[in-house]
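Structure record follows, encoded as structure tokens.
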Amino acid sequence: MPRPERRDPAARADELMNAASAASQRLVDGLASCGLLAAPADEPARLKIREQARRLFLFILLSVLLEQRSGGDPFDRLVAERLKARFSGELLASRKALKSISRKALPRSDADELGAKLEAAGKLDPFAPYYGSFDAMRKDPAQGPFAVLARRLAEEQFESASRSAAYEKIFSLAAALSDELVSGL
């Protein structure tokens with residue numbers, strides 16, 4: 001009899017999506033626990049970091065399911081397909097919701113501009129920043145997926161005085177949480 005998690009690829013994809021979300025929340029909690037982004041005013045930054053970390057964790061899960069595991073298990077491929085479909089559906093729903101809100105809350109010209117930006121963003125691959133990062137990491141850890149995330153977030157979300165500490169914390173948390181996710185596969 002197959003293991004319970006191997007019966008339904010959609011259910012397994014849901015579990016992995018939830019695990020990636022939980023890991024991204026733990027990364028944000030880890031940053032807050034060391035004094036980074038702990039203020040109530042930091043909520044927008046926490047949201048952005050949580051979503052960017054979630055994308056990294058989904059990328060890692062998909063990479064392991066599709067490329068890293070030996071044997072090319074057909075079940076892994078089915079789970080990866082379901083995981084990608086669910087994430088794609090979430091992105092589409094988010095863009096629709098943002099467009100709808102903008103039409104109601106913003107002047108027409110601003111809503112149209114935001115709509116155009118959302119359409120353009122919809123054509124971008126959310127995992128593109130991480131392509132090739134595993135190979136690059138073998139030569140230089142500062143080019144791996146954890147460094148890509150840490151660099152982007154540190155530059156976008158932190159003042160120069162705390163950027164270095166934020167980079168180090170994001171890097172180490174992302175690496176440790178990714179290891180936990182992969183060990184759960």
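Between I170 and L153, the shortest heavy-atom distance links the atoms CD1-CB, 3.8 Å. Smallest separation of non-hydrogen atoms from R54 and S24: N-CB, 3.6 Å. The two residues A13 and L83 have their closest heavy-atom pair at O-CD1, 3.4 Å.
The structure places NZ of K84 at 12.0 Å from CG of L58, a figure rounded to the nearest 0.5 Å. Atom CZ of residue R86 and atom CG of residue D14 lie 4.5 Å apart, to the nearest 0.5 angstrom. In this structure, D76 CG and L62 CG are separated by 11.0 Å, a value rounded to the nearest 0.5 Å. Distance check, rounded to the nearest 0.5 Å: CG of D8 to CD of E15 gives 9.0 Å. Taking CZ of R50 as the start and CG of L31 as the end, the distance is 11.0 Å to the nearest 0.5 Å.
A donor-acceptor contact shorter than 3.5 Å links the side chain of R46 to the backbone of L37. Panel note: side chain R163, backbone A154; a donor-acceptor pair is recorded below 3.5 Å. In this structure, the side chain of D42 engages the main chain of A39 through a donor-acceptor pair within 3.5 Å. Under the 3.5 Å distance criterion, the side-chain polar atoms of S162 are left unmatched by any main-chain donor or acceptor of F158. A side-chain donor-acceptor contact under 3.5 Å links R151 to the backbone of A142.
In this view, Y130 and F59 satisfy the ring pair (Phe, Tyr, Trp, His ring centres under 6.0 Å) rule, not counting sequence neighbours.
Tracing side-chain contacts under 4.5 Å through hydrophobic residues (I, L, V, M, F, W, Y), one reaches V64 starting from F134; they form part of the same cluster. Y131 and L149 end up in the same hydrophobic cluster when Ile, Leu, Val, Met, Phe, Trp and Tyr side chains are linked at under 4.5 Å. Residue V79 is grouped with residue V182 when hydrophobic side chains (ILVMFWY) are merged at heavy-atom distances under 4.5 angstrom, including chains of intermediate members.
In this structure, F57 and L16 have side chains that are not in contact, with every pair of non-hydrogen atoms separated by 4.5 Å or more. Under the 4.5 Å side-chain criterion, counting only non-hydrogen atoms from C-beta, S133 is not in contact with Q143.
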Task: Chi angles and distances behind the side chain to side chain contact (heavy atoms under 4.5 Å, CB included) call for D135, R138 - done: CA-CA 5 Å; D135 290 335; R138 289 183 184 106; 2.4 Å; yes

- [ ] Evaluate salt bridge (Lys or Arg N to Asp or Glu O under 4.0 Å) for R77 paired with E81, printing each intermediate quantity in order.
- [x] CA-CA 6 Å; R77 291 213 175 276; E81 288 173 17; over 6 Å; no

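For residues 77-99, every residue pair satisfying the ring pair (Phe, Tyr, Trp, His ring centres under 6.0 Å) rule, not counting sequence neighbours, is listed here: F87-F127.
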